[in-house]
Amino acid sequence: MKKFLYTLLFTTLVTIPTFAQDPGFGGEGDGDAQTSPTEVPISDNIEWVVLAGLLLGAYFVYNNKKSLSKN
């Protein structure tokens, strides 16, 4: 179980920087990706999505303890 938790923690810490948004290919925020880098729809409430994913994963791990311990 500790190995699984360490793997989950490592994976979470490594993938969090991938949620960051780049303003695009251009000068100071005038790139072709978007006109206003502060209003990126995918970055709205990303913390809640990550929290929901972690809680859902913990729920499945808690409910499947017996099958996980056999491995």
Side-chain angles (χ1 to χ4, degrees):
M1 187 66 171
K2 279 187 177 182
K3 185 176 181 181
F4 175 75
L5 290 176
Y6 286 136
T7 305
L8 181 66
L9 177 68
F10 177 74
T11 305
T12 303
L13 291 176
V14 169
T15 58
I16 283 188
T18 63
F19 298 130
Q21 293 294 311
D22 186 16
F25 304 102
E28 293 290 321
D30 60 346
D32 57 48
Q34 64 264 356
T35 56
S36 177
T38 59
E39 297 176 13
V40 182
I42 198 165
S43 66
D44 293 344
N45 300 323
I46 193 72
E47 296 87 11
W48 291 108
V49 173
V50 171
L51 179 64
L54 289 174
L55 290 175
L56 184 64
Y59 170 78
F60 283 119
V61 167
Y62 180 76
N63 284 336
N64 297 318
K65 274 195 253 182
K66 289 182 182 179
S67 65
L68 289 174
S69 65
K70 291 178 185 177
N71 292 334

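The figures here come from the full heavy-atom set of this structure, side chains too, leaving out hydrogens, waters and symmetry mates.
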Q: Quick one: pull up CG in L13 and CG in L8 and give me the separation to the nearest 0.5 Å.
A: 9.5 Å
**Q.** Qualifying residues under side chain to side chain donor-acceptor pair (under 3.5 Å), relative to Y59, sequence neighbours excluded
**A.** N63
Q. Does W48 belong to the same Ile/Leu/Val/Met/Phe/Trp/Tyr cluster as L55, with side-chain heavy atoms less than 4.5 Å apart forming each link?
A. yes
Q: Output the rest of the hydrophobic cluster of Y6: all Ile, Leu, Val, Met, Phe, Trp and Tyr residues reachable through side-chain heavy-atom contacts under 4.5 Å, sorted by chain and number.
A: none
